[in-house]
Amino acid sequence: MLLLVDIESYIFRACTACKTLMQDAREPFIYKEAYDLRKGMDYIANFIEDLKARFLTNDVILVVGDQNNWRKQYYPDYKANRKDKEKPVMYEIILNELYNNYEIVSLPNLEADDTCRILYEDNQNYAVRKLLVSIDKDFHSFPCELYDPLHDKQYVINEAEANYNLMKQIIMGDKADNIRGLEGYGEIKTLKFLDSEPHTLDDVKELFREKGQLEDFKVNLNLVSMVSIDRYDFNTGKVKVL
């Protein structure tokens, strides 16, 4: 089994693990906050070794996102509501150290979850059983095998469940990512609609049309859908818009 690990959130955790308090040798009443790279790397190493032991495999690929994000090019307001926050001071240092010690994949213009999906669907270069490892709920929107290490839960997402979750995301949008949802549709009304009878993306599209938000349907479909392998051009790094 090949583990495809969305490692970004654990790099942030490793940054926290790096923090250490040091007493000044010349001024014993003065303490300084410092960063111990070894602690951060041990945190990552222990996490990966635990995964290997749990799933009885040594095959692991760590996945990180690219600095460029195709969604921001397609929809400039994507995540525009978030205050610009610099990554922790140790983030790039730990990331560089990971590149020296592990196999890491990052594809141009893609977020980490996009790259995870593409690697998962790439049966030509990775013709083995694969398991995605991530705490991101968005992985429930396409068929896959998934392990959530934060809650220690393993899932098999079938096509029907994936389509249901994708439609839910499209209708509700995502305030955290500045994705506008369908007017008047919170979670309760969205679930009531989806559970009333079997629905397709065309039904959701018609729902947006009735509200005069047809353009929002197209935008949401592209923003919340993880990039599949057939939408990505490996030569140019461009993503096919739906």
Side-chain angles (χ1 to χ4, degrees), residues 1-72 78-120 130-139 146-154 174-178 237:
M1 177 184 287
L2 172 61
L3 304 181
L4 301 172
V5 184
D6 179 3
I7 198 63
E8 288 186 337
S9 63
Y10 281 85
I11 298 178
F12 280 95
R13 287 174 169 79
C15 291
T16 301
C18 278
K19 291 183 179 181
T20 186
L21 196 62
M22 298 182 64
Q23 186 179 31
D24 191 295
R26 292 175 295 182
E27 298 288 344
F29 290 101
I30 296 178
Y31 290 81
K32 300 177 181 179
E33 188 176 82
Y35 300 91
D36 188 339
L37 177 60
R38 294 168 297 183
K39 290 184 177 181
M41 293 307 297
D42 285 346
Y43 179 87
I44 297 286
N46 290 335
F47 171 61
I48 294 173
E49 289 306 312
D50 286 346
L51 288 175
K52 289 180 178 180
R54 179 183 177 87
F55 295 104
L56 303 177
T57 182
N58 288 315
D59 297 329
V60 177
I61 294 177
L62 307 184
V63 180
V64 296
D66 187 37
Q67 291 183 343
N68 297 317
N69 188 335
W70 80 274
R71 287 179 177 83
K72 290 185 178 180
Y78 180 64
K79 295 184 178 181
N81 57 327
R82 296 188 184 186
K83 294 181 179 179
D84 291 333
K85 293 183 179 180
E86 292 186 2
K87 290 180 179 177
V89 65
M90 292 297 293
Y91 188 94
E92 294 297 333
I93 296 173
I94 292 175
L95 179 58
N96 288 336
E97 193 68 17
L98 289 178
Y99 270 106
N100 293 330
N101 291 278
Y102 298 95
E103 182 178 358
I104 295 185
V105 175
S106 179
L107 295 177
N109 299 317
L110 297 184
E111 297 181 56
D113 50 8
D114 296 317
T115 298
C116 281
R117 176 173 183 172
I118 288 173
L119 296 180
Y120 187 85
K130 286 157 281 192
L131 179 70
L132 293 166
V133 179
S134 178
I135 65 174
D136 192 341
K137 61 179 176 58
D138 293 342
F139 281 90
L146 172 68
Y147 174 64
D148 176 354
L150 188 62
H151 300 96
D152 191 24
K153 290 185 178 181
Q154 192 168 348
D174 190 335
K175 290 183 179 179
D177 290 340
N178 204 34

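Counting only heavy atoms from C-beta outward, the side chains of L146 and D148 never approach each other to under 4.5 Å. The shortest side-chain heavy-atom distance between V60 and V133 does not fall under the 4.5 Å cut-off. Considering only heavy atoms from C-beta on, D114 comes within 4.5 Å of R71 through its side chain. You'll find the side chain of M90 stays beyond 4.5 Å of the side chain of T16, heavy atoms only. The side-chain heavy atoms of Y147 and K153, taken from C-beta on, include no pair separated by under 4.5 Å. V5 places none of its side-chain heavy atoms less than 4.5 Å from the side chain of Y10. Between L95 and Y99 there is a side-chain heavy-atom pair separated by less than 4.5 Å.
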Derivation and outcome, side-chain contact (heavy atoms from CB on, under 4.5 Å), residues R13 and F47: CA-CA 11 Å; R13 287 174 169 79; F47 171 61; over 6 Å; no
Please determine whether side-chain contact (heavy atoms from CB on, under 4.5 Å) holds for the pair N69 and Y78, giving the CA-CA distance in whole Å, both sets of side-chain angles, and the decisive distance to 0.1 Å. CA-CA 10 Å; N69 188 335; Y78 180 64; 3.7 Å; yes
Steps toward side-chain contact (heavy atoms from CB on, under 4.5 Å) verdict (K130, L119): CA-CA 9 Å; K130 286 157 281 192; L119 296 180; 6.0 Å; no
Candidate pair I7 and I104, rule side-chain contact (heavy atoms from CB on, under 4.5 Å), full reasoning: CA-CA 9 Å; I7 198 63; I104 295 185; 5.9 Å; no
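Judged by distance alone, the side chain of N81 and the main-chain N or O of K175 form a donor-acceptor pair under 3.5 Å. Side-chain atoms of E8 come within 3.5 Å of backbone atoms of G65 as a donor-acceptor pair (strictly under, hydrogens ignored). Checking side-chain atoms of D66 against main-chain N and O of N109 turns up a donor-acceptor pair under 3.5 Å. Side-chain atoms of S106 come within 3.5 Å of backbone atoms of V64 as a donor-acceptor pair (strictly under, hydrogens ignored).
R117 forms no cation-pi arrangement with Y120, by the criterion of a distance under 6.0 Å to the ring centre and an angle within 45° of the ring axis.
Pairing each heavy atom of V63 with each of A112, the nearest pair is CG1-O, 3.5 Å. Considering every non-hydrogen atom in both K39 and T20, the closest pair reads NZ-OG1, 3.4 Å. A pairwise comparison of heavy atoms in S134 and D6 identifies OG-OD2, 3.1 Å as the closest pair.
For the atom pair CD1 (I135) and OG (S9), the distance works out to 3.5 Å, reported to the nearest 0.5 Å. Annotation: the span from K52 atom NZ to D59 atom CG amounts to 8.5 Å, rounded to 0.5 Å. Going from atom CG of D152 over to atom CD of Q154 covers 9.0 Å, rounded to the nearest 0.5 Å.
Atom CE of M1 sits in a crowded spot, with more than 12 heavy atoms from other residues, nucleotides or ligands closer than 6.0 Å. For CZ of R38, the number of neighbouring non-hydrogen atoms (other residues, nucleotides, ligands) closer than 6.0 Å is 12 at most. Within 6.0 Å of CD on Q23 lie more than 12 heavy atoms contributed by other residues, nucleotides or ligands.
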